[in-house]
Structures are given as C-alpha cells and as structure tokens.
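Just below is one structure, and these are the notes that go with it.
Scope of the values below: all heavy atoms of this structure, side chains included, with no hydrogens, waters or symmetry mates.
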Amino acid sequence: MVRQVFAYIVHKEGVADDTALEMVAAAKRIDSDASITAIVAGTGADLNVVCNEIASSYQEVWKIDSEALSYPNAEAIRTLLVRILPKEGLIIAPHDTFGMDLAPGLSIKLDAAYLPDAVDIEGVDENRLKAVRQEYSGQVSTHVVCDISGGAVITARPGSFKADESKGAGGQVVDKTAEALEGGFPETGRRFIEVAEAEVGDVDITKSDILVSVGRGIEDEDNLEIVYDLARAMGGDVACSRPVVDARWLEKSRQVGTSGKTVKPKVYMALGISGSFQHQGGIKGSPFMVAINKNPKAPIFQAADVGVVADILDFVPELTDKINGSR
Amino acid sequence: MEILVCIKRVPDTSENEINVNRDGTDIERDDLVYSVNEWDNYAVEEAIQIRDRVCGSVTVVTVGDEETEEVVRREMAMGADKGVLLSDEVFKNSDGRGIAGIIKAEVKKGKYDLILTGAQADDGAGQVGGMLAAMLDWPYASLATLIEVTDDKKIKVGREIEGGNLEMLEIDLPCVLSIQTGINEPRYVGIRGIRKTASAEIPVHGAGDLGLSPESVGKSGSKIKQLDYFVPDAGEGAEILEGSVDEIAEKLVELLKARGGIK
Ligand SMILES: Cc1cc2nc3c(=O)[nH]c(=O)nc-3n(C[C@@H](O)[C@H](O)[C@H](O)COP(=O)(O)OP(=O)(O)OC[C@H]3O[C@@H](n4cnc5c(N)ncnc54)[C@H](O)[C@@H]3O)c2cc1C
Ligand SMILES: Cc1cc2nc3c(=O)[nH]c(=O)nc-3n(C[C@H](O)[C@H](O)[C@H](O)COP(=O)(O)OP(=O)(O)OC[C@H]3O[C@@H](n4cnc5c(N)ncnc54)[C@H](O)[C@@H]3O)c2cc1C
C-alpha cells in the first residue's frame, strides 16, 4: 500500500515558507515511497505562483482558491481540510504560529492522533509511527510512538528537517476548490480584522554586526548593566530572548526569534539563553556564536561555536574588563 | 463573565537541571522543584484582570494527583475565586487528547463564557486548548497577547504571529483562547498568600463524577505513548573553553578579535 501523506503549505505574498520543503523531507522519513500531496489555500495570482513553485517538490498540489482565504483563518481552513482529506490520512503542518492554531483541533475533527512538534521521524512499523520530540525546553528528548491507524496530524518543528531540494517530483496542480467549498465557505465564530505591525524601537538590531544577547539567566533588571557594558566594550548592540521582553526589562524591538526580529550579525553572544528553537529561528547567516551559560547541558551549546560554562553575573564583567584592558 | 483557566503542574526548568533516569523510562523526578506552568500564570492573571473589569468569577482547573492541589491553591492566592482538581487513578498516562476530554467533561458541568489555557507547557506541545475547543465546538485562537471584552457576546483578541505582529480578531463567546507569555505581568504571590487559601475547599472530581468511561482516558485512551527518554548525541557542539576564569576570558577575547567581534 502506498501511504498518502499531506503537507499543509504556509505561504505569504506568493512565496512558500521554508517549511514547505522541510515537510517533503519529513514525509519521506515516514515512508520513502509515500505519495506526497501539498495542500495550498489562498487566492488569486499569489496562490497560483505558490502552487507552481512547489509542484516540483510534491507529486500533487491541491489548491483551494477563495477570496475569503486572502488571509488564512485556521478555524475556516480546519473545516475545509476535514471536507477534502481522506479518512486515515497523515497530514503534516509546520509547528509555527499557524500550525499551532490549526493542528490540535484538526486532530479532534479528524479523530486522528496528534503528534506535536516532531523534531525527527524514524519511520512506520505497521500502524505505529515512531518519532522524536523534545521536552523540558529541549533538555531531554523522547521517542514517542503514535497509533496512526485512524490517521494522524503531525506538526514538524521548523528547521529540524533538512529541506528536500531534489525538486524532481513534477507534480500537477489539482483544483480542489469546488469540493472544499461544497456547502459554502465555513461559518466560524472568529473573524479576522487586521494585522497590527509590531512597534519600531530605538535601535534596529537587524542591522547590527555584533549582538550581545541576554536571556532569563540575567535574573534581574538591574543586572542588565553588565550586558550594556560588554556591548559597549565590543562595539555592539544589546538584544535579548523573549522572557526579558515579557518582564518588560527591554523593549520588544530587541527580541530575537520567531516572534521577534530576525538578525544576521557576524558575532552573536548568547548570555544566559537556553537556546529554544523559537529563539534560534531568529538568528540567520551563521554568525560566530559564543554561548555563556551555567548549565553545561543547555541546548544553546549545540548551536554555538564556542562555549563558556559559567555564571554570567561573574564572567561577563571579567570579560568586559579583559576587552577594555586589551586595547 | 465566567472564566475557566486550565493550569498544569510542571517541573520548574529554571530551578532544575532535568536528567533522564537510569533506565530511560522517565526523567529523574526525585528532588525536582515543581511549579505552575509559566504560561498558566499569565492566563490566570489575565482572567483576574478581566473579571475585575467586567465582573464575574475565575475558576482554575487542573488534571493531576493530590500533589497537584498545591498549584490550585497558588493560583487561588493570586486571586482566582474557585479551584477544581480533576483526579482519578484512571486518568494516569492520558495524552493531550485525554486531558482535553477530561476538562471538557468538567466544562459541561458548569456554564463558562471563556476558557483560557497556556500556549504550551513543559512538553512544548501546545495541544490541550485547541483540542478542547474542537471538542466543545467553540471558536479557538492560540497565542493571545491581547484581550478586550467588547460586550457579553464577543471579544477582540490579538494573536501574536511571526515577527511579533498582532493578528486582530473578533471572536464570539463562548470561546477558548491559549495565552502567550508577555500578555500581562503576573502578580507575585508569597508563601503567606498561599497559606491564606489553605482552608479553601477544593472539590475533587473523578471519572465517575464526570461521567467518563475509563477506556476513554488514561493509557487505553492514548494514541501516543512515550517509549523512552534520552539525551541526544552531543554532535559537533561548541568548543568549550577550559581553564581559570582569567584564562578563559583571555582566550575568548582573542577569538572574538579574530572574528571581528570587537570593534
Ligand atoms: C506519568 C506521566 C505519563 C504520561 N504518559 C503519557 C502518554 O502515554 N502519552 C502522552 O501523549 N502523554 C503522556 N504524558 C503527558 C501528558 O499527560 C500531558 O500532560 C498532556 O499531553 C498535556 O500536557 P501538555 O504539556 O502536552 O499540554 P499543552 O497542551 O502543551 O499545555 C497547554 C495548556 O493546556 C493546559 N493543560 C495541560 N495539561 C493540563 C492538565 N493536566 N490539567 C489542566 N490543564 C492542562 C494548560 O493550560 C497548559 O498551559 C504523561 C505524563 C505523565 C506525568
Ligand atoms: C509561539 C512562540 C514563540 C516564541 N518566540 C520566541 C522568540 O521570538 N524569541 C525567544 O527568545 N523566545 C521565544 N519563545 C519562547 C521560547 O520558547 C523560550 O521560552 C525562550 O526562548 C526562553 O528564553 P531564555 O533562553 O532566555 O530562558 P530559559 O529557557 O529559561 O533559559 C535561561 C538559561 O539561562 C541559564 N542561566 C540561568 N542563570 C544563569 C546565570 N546566572 N549565568 C549563566 N546562565 C544562567 C539557564 O541555565 C538557562 O539555560 C516563543 C515561544 C512560543 C511558544
């Protein structure tokens, strides 16, 4: 039996998200012979561009075109997917802000298993899908088995599966609009109003070559002084992880990550940052990364080039002194 | 507005180093410090603030064992009016769907306008809220960082999406929202405050009270099971600098200079 695997494609302004090709890789990890179908919802010219772009990577591309899909409302899309997906199918979506909105409820509506935030897939044995997840902020991993006899909804962690660039699928675009909209566009109790853009701050960390980035490990707002001192000594700017913004210690425009800024510095200092995938998702261009963390098992040490296992409150002032003394 | 907030008791990762136990069946649970899932404190704070603006009550609910009661008391000390513990031997080893099903049964016993969950917990799954909404057939929005009550029929919600932008939505009540960190600044509660709730009655509801069949929950109801816990191969990883603080700082300055890290 050829297994059918579907991937829900997130796209914006006529460009498919990076996860589109990562999900091809994930689907092949489930079953290398699987027939892989992309599902793309949207409208107009942008939608067609995306469908044609990914047709080289998917055997089939299912297109749903409706004016009402010009902004993706997960509540409506969930209903559309239930209408067109075969029973017992497997569907993958990215574990991003859209996938998190769509997927848990989709698994209930399909009466299928839900495998959230998979970082690796090891294959299927009969109806048991074996995958790897992380728990406790990535401090430990776990193998999970998922009973897929009734289908499954899987979200794949962005960046965890290496994009499949083979592009030999030669897929065809199939218009599923009529089938999806049979019975009309789904009524939902949730209406989109607008997107309010994030505020602009006093520094633009996306332009910085040197970033001194601080996380929850700084413990207290008053301790930020040592971070500013280091940034000054290095000639860089101060950035941070999300908890520092949540605590209102630094402004949102300094937050690095998927729900913050995407930065591409030459040098990135991660001070008291554990290294969640949402944080690392905002660091591009492979900078020279230095991690300073008191926990030798912190996941950030996997991503960094150089690590120092130390208390930042002690070590950072020492480092600043050394730099200042070295000129 | 009658608000239900779902809370989970989790090992505090900022207080603990999490290790895998000897046979890899679980994490090492001796000596772990537990607390309320970080996201849930934001959810409870938001519920309290909404109640204080528009009247009503806040109930916190959790699925867990006797020890879980402490987190219910903690959130009551923050200002929640009521607490409920859903606990039964047959609830053990439920997956996210099982937990959502148990909470759904409790929801059906009451009359709520709004249910809040955390955006995710220690497993990083972010599943219970969305599943619960789908089971109830209520509208759902994840990752809320802004809630404005329009009237008793609908609310305005901001969902935080990529780049920190806000997706503004109008949602009909009743609905389920998952709360993202940063939506507010959760108030601090000390030991004294928690002690004051010691005499508060916290009802415990089991499978029988909730009309749940044992097969629908726990291990038998789970479609997903943990096989083992492990620490992945370190792989390449960072070059860890060794030596005295002075030596390490010295080395690091050299490396930074070589990489253009010091202007
Ligand atoms: C001993 C043990 C065995 C387990 N066995 C399995 C297993 O076999 N298969 C499996 O898939 N999982 C298993 N789990 C994990 C599972 O029970 C999780 O608790 C469940 O998946 C929900 O947690 P989450 O972290 O995924 O919640 P998320 O969906 O990430 O949490 C989001 C929000 O949901 C709410 N929430 C989550 N959990 C609760 C709760 N318990 N009570 C009230 N509200 C809650 C909170 O508001 C939370 O902020 C086990 C856990 C334990 C401790
Ligand atoms: C949808 C979504 C979007 C998100 N977007 C973002 C985002 O854009 N950016 C982001 O950063 N996060 C984001 N997050 C949050 C993310 O999941 C993590 O919770 C967050 O990145 C953790 O920040 P942290 O590393 O500073 O804190 P923690 O994970 O708590 O880590 C603190 C680290 O500091 C170390 N430490 C503590 N004290 C010291 C000390 N004295 N000296 C040295 N080290 C010390 C600890 O060992 C630990 O490793 C998002 C989450 C969700 C659900």
Side-chain angles (χ1 to χ4, degrees), chain A residues 75 97 100-101 104-105 108-109 113-117 134-137 139-147 188-198 210 216 234-235 242 245-246 248 252 255 258-260 266-267 288 291 295 297 301-302 304-309 315 318-319 322-323 326, chain B residues 13-14 17-18 20 27 96-97 122-127 130-131 133-135 139-143 160-172 175 181-182 185 223-232 235 237-241 245 248-250 252-253 255-256 259-263:
Chain A
E75 294 278 284
T97 61
M100 291 177 82
D101 218 29
I108 297 300
K109 294 299 182 194
Y114 183 41
L115 171 59
D117 192 24
Q134 292 185 346
E135 295 188 1
Y136 307 106
S137 323
Q139 290 193 65
V140 295
S141 294
T142 162
H143 284 110
V144 297
V145 280
C146 189
D147 172 3
T188 65
R190 166 177 151 179
R191 293 164 293 276
F192 172 70
I193 306 170
E194 61 176 350
V195 170
E197 302 277 333
I210 300 173
R216 184 160 17 217
M234 292 176 67
R242 180 165 186 123
V245 175
D246 289 340
R248 316 284 197 263
K252 180 86 181 169
Q255 179 190 318
T258 55
S259 63
K266 293 203 176 74
V267 172
F288 178 68
N295 178 359
K297 293 205 194 107
F301 287 124
Q302 292 306 307
D305 298 284
V306 171
V308 178
V309 179
F315 185 78
E318 292 279 345
L319 180 62
K322 263 284 183 283
I323 294 171
S326 75
Chain B
T13 48
S14 61
E17 229 182 77
I18 306 286
V20 175
I27 57 168
R97 178 200 191 86
D122 52 337
D123 299 351
Q127 53 186 346
M131 289 178 163
M135 287 174 177
Y140 174 65
S142 59
L143 301 164
E160 200 184 296
I161 53 171
E162 270 66 27
N165 297 335
L166 275 197
E167 179 181 308
M168 298 302 301
L169 304 165
E170 183 184 74
I171 305 183
D172 296 335
C175 72
T181 56
E185 293 178 82
K223 286 181 188 263
I224 175 160
K225 295 190 170 60
Q226 273 103 340
L227 278 184
D228 60 2
Y229 283 86
F230 63 101
V231 176
E239 175 202 343
I240 303 291
L241 302 182
V245 170
I248 293 175
E250 187 99 17
L252 191 50
V253 172
L255 285 167
L256 285 171
R259 296 298 192 125
I262 296 170
K263 272 189 189 159

Note: vs chain B, highest number of non-hydrogen pairs under 4.5 angstrom among A:Asp147, A:Val144, A:Val309 is A:Val144
Region of A:Leu115 in contact with chain B, defined by heavy-atom distances below 4.5 Å:
both
Contact class of A:Val245 relative to chain B, heavy atoms under 4.5 angstrom
neither
Nearest-0.5 Å distance, CZ of residue A:Arg190 to CD of residue B:Glu170
12.5 Å
Could you measure the distance from the CD atom of B:Glu162 to the OG1 atom of A:Thr97? Nearest 0.5 Å is fine.
3.5 Å
Looking only at heavy atoms and a cut-off of under 4.5 Å, which of A:Gln255, A:Gln134, A:Lys109, A:Glu318 has the most pairs with chain B?
A:Lys109
Quick one, B:Leu169 and A:Phe192 - any side-chain contact, counting heavy atoms below 4.5 Å?
yes
Please check: side-chain N/O of A:Ser141 versus main-chain N/O of B:Val231, any donor-acceptor pairing under 3.5 Å?
no
State the NZ-CD1 distance between B:Lys263 and A:Ile323, to the nearest 0.5 angstrom.
13.5 Å
Name all residues meeting the side-chain contact (heavy atoms from CB on, under 4.5 Å) criterion together with B:Ile248; count only those two or more places apart in sequence or in a different chain, and write none if there are none.
A:Val308, A:Phe315, B:Leu241
Give the minimum heavy-atom separation between B:Gly163 and A:Ala198, together with the two atoms involved.
O-CB, 3.8 Å
For A:Asp305, is it the side chain, the backbone, both, or neither that has a heavy atom closer than 4.5 Å to a heavy atom of chain B?
backbone
Chain B contacts, top residue of A:Asp101, A:Val306, A:Asp117, A:Val195 (heavy-atom pairs, under 4.5 Å)
A:Asp101
Which pair of non-hydrogen atoms, one from A:Val140 and one from B:Tyr229, has the smallest distance, and what is that distance?
CG2-CD2, 4.0 Å
Separation of A:Thr258 OG1 from B:Glu160 CD (nearest 0.5 Å):
8.5 Å
Looking at chain B, which one of A:Cys146, A:Ser259, A:Ala113, A:Pro116 has the largest number of heavy-atom pairs inside 4.5 Å, strictly under?
A:Ser259
Considering non-hydrogen atoms only, spot the tightest contact between A:Gly307 and B:Ala238 and give its length.
N-CB, 3.7 Å
I'd like to know which of B:Asp122, B:Ile240, B:Asp228 tops the heavy-atom pair count under 4.5 Å against chain A.
B:Asp228
Among the options B:Leu227, B:Leu255, B:Val253, pick out the one with the most heavy-atom pairs lying under 4.5 Å from chain A.
B:Leu227
Which one, B:Cys175, B:Ala133, B:Gly260, B:Ala134, leads in non-hydrogen pairs under 4.5 Å with chain A?
B:Ala134
Answer with side chain, backbone, both or neither: which region of A:Val267 has an atom nearer than 4.5 Å to a non-hydrogen atom of chain B?
side chain
If one checks every heavy atom of B:Arg97 against chain A at 4.5 Å, the contacting part turns out to be side chain
Any side-chain heavy-atom pair from A:Lys322 and B:Glu250 closer than 4.5 angstrom?
yes
Let's test your reading of the structure: which of A:Gly235, A:Ala291, A:Gly260 forms the most heavy-atom pairs below 4.5 Å with chain B?
A:Gly260
Show the numbers, then the answer: is there a salt bridge (charged side-chain N to carboxylate O under 4.0 Å, His left out) between A:Arg191 and B:Asp172?
CA-CA 9 Å; A:Arg191 293 164 293 276; B:Asp172 296 335; 2.6 Å; yes
Of all heavy-atom pairs linking A:Ala196 and B:Met168, the shortest is CB-CG, 4.4 Å
Please give me the minimum heavy-atom distance between A:Pro104 and B:Gly126, naming the atom from each residue.
CG-O, 3.6 Å
Using a 4.5 angstrom heavy-atom cutoff, name the option from B:Val245, B:Ile171, B:Leu252, B:Thr181 with the most pairs to chain A.
B:Thr181
When the 4.5 angstrom heavy-atom criterion is applied to A:Glu194 and chain B, the contacting part is both
Is B:Ala141 close to chain A through its backbone or its side chain, or both, or neither, when contacts mean heavy atoms under 4.5 Å?
both
